[in-house]
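First the structure, in the form of structure tokens, and then the observations on it.
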Amino acid sequence: GAVVSQHPSRVICKSGTSVKIECRSLDFQATTMFWYRQFPKQSLMLMATSNEGSKATYEQGVEKDKFLINHASLTLSTLTVTSAHPEDSSFYICSATTRRSGNTIYFGEGSWLTVV
Amino acid sequence: ELKVEQNPLFLSMQEKKNYTIYCNYSTTSDRLYWYRQDPGKSLESLFVLLSNGAVKQEGRLMASLDTKARLSTLHITAAVHDLSATYFCAVDEDRDDKIIFGKGTRLHILP
């Protein structure tokens with residue numbers, strides 16, 4: 001079945017540095033992927049829609065210059081957290097869909113980011 | 001703005017009991033999703049409901065959708081401990097796969 005993979009699964013970075021998270025659709029092409037952020041014991045909050053070959057669409061309140069999204073191919077979207085701060089520490093999850101699976105939306109395994 | 005409300009947010013129940021989680025949403029939509037999340041893990045897809053009156057069952061879980069009432073339910077039958085998890089409903093308002101989540105229901109089943 002369809003699989004969405006994220007890398008890295010866990011990352012620790014220092015304040016002020018940047019970190020990149022990858023989201024790959026392993027056996028299907030995804031023209032659109034979505035990025036979510038989840039703080040502990042909270043729900044998933046949509047950050048942005050990643051469109052292949054074009055600019056991402058950000059949700060209200062999400063800083064596009066801080067959370068850079070690139071969707072360079074039909075199987076890869078990347079989220080770069082720039083100038084990371086401790087409050088950016090969170091669980092980041094991407095999703096993608098394939099029509100072959102009856103509109104099921106698949107989520108990646110998630111990436112834990114800790115900024116120290 | 002689409003709002004998705006779940007209740008209860010926390011549920012502690014005994015094994016073998018039945019219970020229902022409710023998901024209300026604020027807009028017309030005929031696409032609703034239920035997910036399970038275990039601590040420290042990502043989401044596991046449980047059900048995709050794509051039309052009014054849709055009902056799906058898998059094991060002890062059954063989900064239904066009433067688009068006129070803007071309500072979905074997740075019913076748990078004869079709960080067992082391994083169903084303990086957080087359950088999220090999510091709604092796709094514009095049929096573009098951009099789904100908005102409810103706050104989740106943390107289910108704790110006591111042995």
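Worth knowing before you read on, the calculation uses all heavy atoms, side chains too, and leaves out hydrogens, waters and symmetry mates. Numbered from 1 within each chain, the chains take letters A, B, ... in sequence-line order.
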More than 12 heavy atoms of other groups within 6.0 Å of [X] [atom1]:
| X | atom1 | result |
| --- | --- | --- |
| Y58(A) | OH | yes |
| E58(B) | CD | no |
| K66(A) | NZ | yes |

inquiry  = To the closest 0.5 Å, what do you measure between CG (L43(B)) and CD1 (I105(A))?
reply    = 10.5 Å
Heavy-atom distance under 4.5 Å to chain A: side chain of [X], backbone, both or neither?
| X | value |
| --- | --- |
| Q37(B) | side chain |
| L9(B) | neither |
| Y35(B) | side chain |

Determine whether [X] and [Y] fall in the same hydrophobic cluster, where Ile, Leu, Val, Met, Phe, Trp and Tyr are linked whenever their side-chain heavy atoms lie under 4.5 Å apart.
| X | Y | result |
| --- | --- | --- |
| L76(A) | F28(A) | no |
| V55(B) | L32(B) | no |
| L79(A) | F107(A) | no |
| I69(A) | I93(A) | no |
| L11(B) | F88(B) | yes |

ask   = Do any of residues 31-46 of chain A come closer than 4.5 Å to chain B, heavy atom to heavy atom, and if so which ones, in number order?
value = F34(A), Y36(A), Q38(A), K41(A), Q42(A), S43(A), L44(A), L46(A)
message = Which residues pass the salt bridge (Lys or Arg N to Asp or Glu O under 4.0 Å) test with D66(B), not counting sequence neighbours?
response = none
request  = Please name all residues satisfying salt bridge (Lys or Arg N to Asp or Glu O under 4.0 Å) with E59(A), sequence neighbours left out, ordered by chain then number.
outcome  = K98(B)
ask   = If you tally heavy-atom pairs under 4.5 Å against chain A, which of S45(B), P39(B), S42(B) wins?
value = S42(B)
message = Non-hydrogen contacts under 4.5 angstrom with chain A: give the residues of residues 102-111 of chain B involved, or none if there are none.
response = G102(B), K103(B), R106(B)
